[in-house]
There are 2 protein chains.
Amino acid sequence: MPTSPSPRGRRPDPAVDEKIRAAVLALLLERGLEMTMDEVAARAGVGRASVFRRYGTKRDLLLDTMGRLLDVHVAIPDTGSLAGDLRQVVADTLAVWRDDRLAAVSRQVLGEAGRDPEVADMVRTTMRERMTRSWVVYDRAIERGELRPDADLWLLTDLFAGLVVYRGLLGIGPPGVDAVVDALLHGFAPQGGVEQH
Amino acid sequence: MPTSPSPRGRRPDPAVDEKIRAAVLALLLERGLEMTMDEVAARAGVGRASVFRRYGTKRDLLLDTMGRLLDVHVAIPDTGSLAGDLRQVVADTLAVWRDDRLAAVSRQVLGEAGRDPEVADMVRTTMRERMTRSWVVYDRAIERGELRPDADLWLLTDLFAGLVVYRGLLGIGPPGVDAVVDALLHGFAPQGGVEQH
DNA sequence: CTCATTCTGATACTCGCAGTATCCGATACC
DNA sequence: GGTATCGGATACTGCGAGTATCAGAATGAG
């Protein structure tokens with residue numbers, strides 16, 4: 001592709017970019033989504049106009065910041081058994097909600113997702129990317145015969161992601177890791193029980 | 001307790017109460033939570049002050065309205081088998097998200113729950129009440145031997161409530177009822193498979 | 001070097017809306 | 001009849017997002 005026509009006047013200062021990002025992130029962790037644009041500018045030690053030149057809207061600013069906050073890479077476990085790996089994955093998912101500040105921010109981000117479809121898209125995409133990254137775990141489990149080959153992996157992942165999100169959002173204490181893993185693997189019917197209909 | 005001292009002047013007009021409630025509900029379904037107090041008053045054909053006399057705050061008004069909206073009683077199934085009953089319960093939970101307007105409102109209510117702890121409390125309480133009402137189903141299932149007697153029922157209910165909420169909130173298509181029920185009852189491990197560790 | 005252009009911080013302005021205050025007429029208790 | 005509250009209407013206050021403007025600095029074009 002052709003080099004973009006070289007910009008004429010003064011170039012945007014990358015240091016300002018960074019100062020703004022840092023300020024928003026700090027404010028987000030301290031006080032949640034409720035910040036004014038003036039606070040952001042002040043905290044960044046930057047002119048109000050410089051913020052609006054980069055983000056046309058407060059929504060844009062927060063969308064970008066929330067995106068960066070959610071995009072945390074997670075280690076892929078390999079404990080040798082599906083139960084072990086799942087425990088790890090579930091525990092990782094739960095970890096966010098143990099830290100009070102992170103939990104508060106997560107709640108608010110999910111809250112925004114409820115009112116702003118673009119935020120919902122962002123969250124969904126980020127979550128799904130993170131999830132698919134750990135699907136090696138399920139491939140291995142199927143090879144070992146610990147997981148049904150035809151299992152609906154989206155259903156599996158969404159079941160525990162949903163549980164965690166639901167409880168976190170409504171302020172219900174997090175579930176025990178082992179109980180969740182056991183429920184996901186074996187369900188609530190009695191062991192070996194075959195359902196009559 | 002003593003009768004409250006009889007109020008002195010003119011009494012609040014119940015008709016006005018009702019007109020306001022109806023107006024908010026209508027606006028809520030039409031356009032979601034984003035309504036102005038002037039719109040509410042205008043739609044109700046009522047003075048602005050009369051709205052503020054009843055609800056000191058927009059938040060109060062919406063909290064009350066959302067509460068009434070969520071407080072829908074649900075039939076308790078009795079199909080003769082746990083799988084059948086569960087299908088019914090899951091389908092009922094899913095039903096809300098099939099109607100576009102209701103889905104939109106639900107998303108926004110959950111969104112508010114993320115940012116306002118009082119809304120979260122209200123939603124949690126309402127949901128839990130509705131859930132416990134259908135626990136007869138599980139009692140019967142345990143008697144029939146279709147459910148582990150020591151099953152964590154909150155985990156069971158929150159798993160599918162969470163799934164539905166999570167997918168609804170992020171705009172992911174709803175899961176199939178049968179797949180959910182099957183996963184809850186038997187899990188994702190191969191049938192009869194015993195986990196090695 | 002000079003000029004045009006776009007950045008930067010600062011300040012002032014518009015606009016929408018929640019919440020408050022005030023008026024005047026109506027209604028109800030004492 | 002006196003007084004307190006409700007009802008509708010309207011004006012005012014306060015806050016914060018977004019816009020406009022300005023003077024000074026930086027940078028590429030010619």
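Proteins come first, then strands; the chains are lettered A, B, ... in the order of their sequence lines, and each starts at number 1. The shown structure was predicted, so the numbers you read here are calculated from the model rather than taken from an experiment.
- Distance CD (A:Glu34) to P (D:dC15): 15 Å, rounded to an integer number of Å.
- Remark: C1' of C:dT20 and CZ of B:Arg53 are 12 Å apart, rounded to the nearest angstrom.
- In the set C:dC7, C:dA18, C:dG9, the nucleotide with an atom closest to the side chain of A:Val16 is C:dG9.
- A donor-acceptor pair is defined here as one N or O able to donate and one able to accept, closer than 3.5 Å; no such pair exists between the side chain of A:Gln108 and the backbone of B:Arg115.
- Between the P atom of C:dT8 and the NZ atom of A:Lys19 lies a distance of 10 Å, rounded to the nearest Å.
- Separating the CZ atom of A:Arg54 from the P atom of C:dT6 is a distance of 15 Å, rounded to the nearest angstrom.
- At whole-Å resolution of the value, CG in A:Leu61 and P in D:dG16 are 16 Å apart.
- Comparing D:dG18, C:dT8, C:dA4 by their nearest atom to the side chain of A:Phe52 picks out D:dG18.
- Sequence order on DNA chain D of the closest nucleotides to A:Thr57 and B:Ser50 puts B:Ser50 first from the 5' end.
- Geometric assessment of B:Arg167 against the ring of A:Trp154 yields a negative cation-pi assignment under the 6.0 Å and 45° thresholds.
- As rounded to whole Å, 11 Å separates atom C1' of D:dG7 from atom CD1 of B:Ile20.
- The base of D:dG18 lies outside donor-acceptor range of the side chain of A:Arg59, with no N or O pair under 3.5 Å.
- A:Met35 CE to A:Leu28 CG: the interatomic distance, rounded to the nearest 0.5 Å, is 5.0 Å.
- Going from atom CE of B:Met37 over to atom C1' of D:dT10 covers 17 Å, rounded to whole Å.
- For the pair A:Arg107 and A:Trp97, the cation-pi criterion (under 6.0 Å, within 45° of the ring axis) is not fulfilled.
- Remark: the backbone N or O of A:Pro190 is not paired with any side-chain donor or acceptor of B:Arg148 at under 3.5 angstrom.
- You won't find any donor-acceptor pair under 3.5 Å spanning the side chain of B:Arg11 and the base of C:dA28, going by distance alone.
- Whole-Å rounding puts the B:Arg10 CZ to D:dT5 C1' distance at 9 Å.
- Comparing D:dT3, C:dG9, D:dA11 by their closest approach to the side chain of A:Val46 singles out C:dG9.
- Both B:Gly9 and A:Gly9 lie close to DNA chain D; mapped to their nearest nucleotides by heavy-atom distance, the more 5′-ward contact belongs to B:Gly9.
- Proximity note for B:Asp13 (side chain, C-beta onward) versus D:dG24, D:dG7, D:dA17: the nearest is D:dG7.
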